[in-house]
Amino acid sequence: TKGSSTMTLEERGDQIRRCRDSFAYFLRHAVYLQDRTGEATIRWEWWPIHGEMAYDLESKHADERLLVWLKARQVSASWMLAAYAVWRILLAGGRHVLVLVISQGQRESSDFLDKCRFVLVHLPAAWDMDLHLETDNTTRLQVGVTGGQILALPSTEKAGHSYTASVVIVDEAAHHQYAGANYVAYKPAIDAGGKLVVVSTAAGMDSFFHRMYVSARERTSNFKARFLPWHVRPGRDGAWYEAQRVDLRAAGREHLLEQEYPSNDQEAFIVSGNPRFDLVAMKRGLEWSQRVRPLERQHLPPALQRLEGLT
């Protein structure tokens with residue numbers, strides 16, 4: 001645990017209540033995480049984008065219950081979702097809350113659970129909270145004091161079946177082999193009012209994640225879309241971005257720059273994978289199409305007005 005242990009009982013109770021009532025407050029005052037080297041424990045660093053992300057997660061509005069996030073690499077989404085899972089099972093979800101997490105593979109599931117465990121064991125010392133933490137180290141973490149648990153599973157064909165969860169988190173969904181089958185399994189479990197968060201970097205078009213994100217962005221589904229570009233992380237500027245380009249070019253992977261660190265959601269999907277077409281020309285064509293008004297049938301020559309499928 002972290003922080004001062006000199007709080008009075010009244011101060012401790014007040015801080016815990018504030019953390020219970022606001023996920024953003026919990027992040028700013030109670031969450032510690034590992035730095036990228038895994039060697040240091042650091043307090044949560046608040047970025048401007050975190051307010052919007054935290055709002056999405058703690059909102060109880062019906063039209064913000066289903067979320068799909070498209071993100072660049074290393075924009076703190078995984079740590080935030082781990083902290084959110086802890087917040088739900090410990091403070092904000094009542095008793096016996098189940099948070100179901102589906103990751104790409106077993107290693108990724110274990111990594112997510114490790115983040116959750118780290119947040120729990122590094123709560124402020126002044127809280128003096130006996131968590132009665134139970135874990136099997138691979139798939140399940142339970143807090144005995146509330147009965148809440150986090151279940152982290154790899155995206156197998158049967159993942160998500162037979163569970164009734166208050167929260168479902170689908171991490172790196174674009175890379176899940178059975179993403180569609182899993183969705184059919186877990187979606188009914190949260191239809192009564194639970195929270196579903198589908199988050200990923202891009203990995204090509206015409207995939208489960210691509211369809212989910214685009215339909216949310218175009219408001220043809222009940223999901224709310226959010227895009228997290230590379231520059232939401234403080235300290236990243238044009239020079240940083242060009243340095244990533246140089247490093248990827250040296251590795252023969254420059255075509256992955258926009259996929260890993262997209263500036264907008266369209267280029268994230270267009271350049272995913274190893275495309276066979278000129279990416280610069282494709283991006284210019286996309287920009288042009290957004291500026292040009294679509295043709296209207298009455299402005300076409302009479303012979304073309306009689307043809308179907310032109311407008």
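Quantities reported herein were computed from a predicted structural model and do not represent experimental measurements. Heavy atoms only: backbone and side chains are in, while hydrogens, waters and symmetry mates are out.
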Ignoring hydrogens, what is the shortest heavy-atom contact between [X] and [Y]? Give both atom names and the distance.
X	Y	value
Pro229	Ala72	C-CB, 3.8 Å
Gly105	Pro154	C-CB, 3.5 Å
Ala159	Ala185	O-CB, 4.0 Å
Met53	Leu228	CE-CD1, 3.9 Å
Met129	Leu90	SD-CD1, 3.8 Å
Leu27	Trp46	CD1-CZ3, 4.0 Å

Q. Only one of Arg233, His50, Lys71 clears side-chain hydrogen bond (donor to acceptor under 3.5 Å, both in side chains) with Ser76; which?
A.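 Answer after filtering Arg233, His50, Lys71: His50.
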
Q | Test applied, side-chain hydrogen bond (donor to acceptor under 3.5 Å, both in side chains); reference residue, Thr201; option that passes from Glu172, Gln259, Glu260 | A |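 Per the side-chain hydrogen bond (donor to acceptor under 3.5 Å, both in side chains) rule, the option paired with Thr201 is Glu172, out of Glu172, Gln259, Glu260.
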
**Q.** Test applied, side-chain contact (heavy atoms from CB on, under 4.5 Å); reference residue, Leu141; option that passes from Asp114, Val99, Leu113
**A.**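 The single option meeting the side-chain contact (heavy atoms from CB on, under 4.5 Å) with Leu141 is Leu113.
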
Could you check whether any side-chain heavy atom of [X] comes within less than 4.5 Å of a side-chain heavy atom of [Y], counting everything from C-beta outward?
X	Y	result
Val97	Gln149	no
Ile190	Arg65	yes
Glu254	Val246	no

Pairs of donor and acceptor atoms involving the side chains of residues 212-220, under 3.5 Å and at least two apart or interchain, shall be tabulated with distances.
| residue | atom | partner | partner atom | Å |
| --- | --- | --- | --- | --- |
| Tyr213 | OH | Asp265 | OD2 | 2.8 |
| Ser215 | OG | Arg211 | O | 3.0 |
| Ser215 | OG | Met212 | O | 3.0 |
| Arg217 | NH1 | Asp265 | OD2 | 3.4 |
| Thr220 | OG1 | Ser215 | O | 3.2 |

(Q) Less than 4.0 angstrom from a charged side-chain N to a carboxylate O is my criterion; do Asp21 and Arg18 meet it? (A)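 No, no charged N to carboxylate O under 4.0 Å.
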
Q: Look at Lys115 together with Asp111 and state whether they make a salt bridge at an N to O cut-off of under 4.0 Å.
A: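 Not counted as a salt bridge, because no side-chain N and carboxylate O are separated by less than 4.0 Å.
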
What is the distance from atom [atom1] of [X] to atom [atom2] of [Y], rounded to the nearest 0.5 Å?
X	Y	atom1	atom2	result
Ile89	Leu151	CD1	CG	11.5 Å
Leu91	Ser22	CG	OG	11.0 Å
Tyr32	Trp79	OH	CH2	13.5 Å
Asp171	Ser78	CG	OG	4.5 Å
Leu81	Trp69	CG	CH2	5.5 Å
Lys224	Asp63	NZ	CG	7.5 Å

Q | Contacts of type ring pair (Phe, Tyr, Trp, His ring centres under 6.0 Å), residue Tyr55, not counting sequence neighbours | A |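 Ring pair (Phe, Tyr, Trp, His ring centres under 6.0 Å) list for Tyr55, sorted by chain: empty.
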
Q | Candidate pair Val86 and Phe26, rule side chain to side chain contact (heavy atoms under 4.5 Å, CB included), full reasoning | A | CA-CA 10 Å; Val86 167; Phe26 174 69; 4.2 Å; yes

Q: Output, in order, the C-alpha distance, side-chain angles, deciding distance and verdict of ring-ring contact (aromatic ring centres under 6.0 Å, His included) for Tyr84 and Phe23.
A: CA-CA 7 Å; Tyr84 174 68; Phe23 176 55; 5.5 Å; yes

Is [X] linked to [Y] within one hydrophobic cluster, defined over Ile, Leu, Val, Met, Phe, Trp and Tyr using a side-chain heavy-atom separation of less than 4.5 Å?
X	Y	result
Leu100	Tyr178	no
Val101	Val184	no
Tyr25	Ile16	no

Q: Would you sort out whether Asp128 and Arg12 count as a side chain to side chain contact (heavy atoms under 4.5 Å, CB included), showing the intermediate values?
A: CA-CA 9 Å; Asp128 192 26; Arg12 183 182 68 183; 3.4 Å; yes

Q. So Trp87 and Glu58, side chain to side chain contact (heavy atoms under 4.5 Å, CB included) or not? Walk me through it.
A. CA-CA 10 Å; Trp87 182 69; Glu58 68 181 327; 3.9 Å; yes

**Q.** Lys NZ or Arg CZ of Arg236 over Trp230 ring: under 6.0 Å, within 45°
**A.**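 No; the conditions do not both hold, so Arg236 does not lie above the ring face of Trp230.
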
(Q) Check whether His132 reaches the backbone of Val145 with its side chain - one donor and one acceptor, N or O, closer than 3.5 Å. (A)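 Such a contact is absent between His132 side chain and Val145 backbone.
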
(Q) Could you tell me if Ser59 and Glu64 have a donor-acceptor pair between their side chains, going purely by distance under 3.5 Å? (A)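 Per modelled atom types, Glu64 and Ser59 side chains form a pair under 3.5 Å.
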
Q: Using the six-membered ring wherever Trp is involved, compare the ring planes of Tyr186 and Tyr183 and label them parallel, tilted or perpendicular (cut-offs 30° and 60°).
A: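 It falls in the perpendicular class, over 60°.
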
Q) Is there a side chain to side chain contact (heavy atoms under 4.5 Å, CB included) between Arg43 and Glu45 once you walk through the steps? A) CA-CA 6 Å; Arg43 192 165 188 168; Glu45 180 184 353; over 6 Å; no

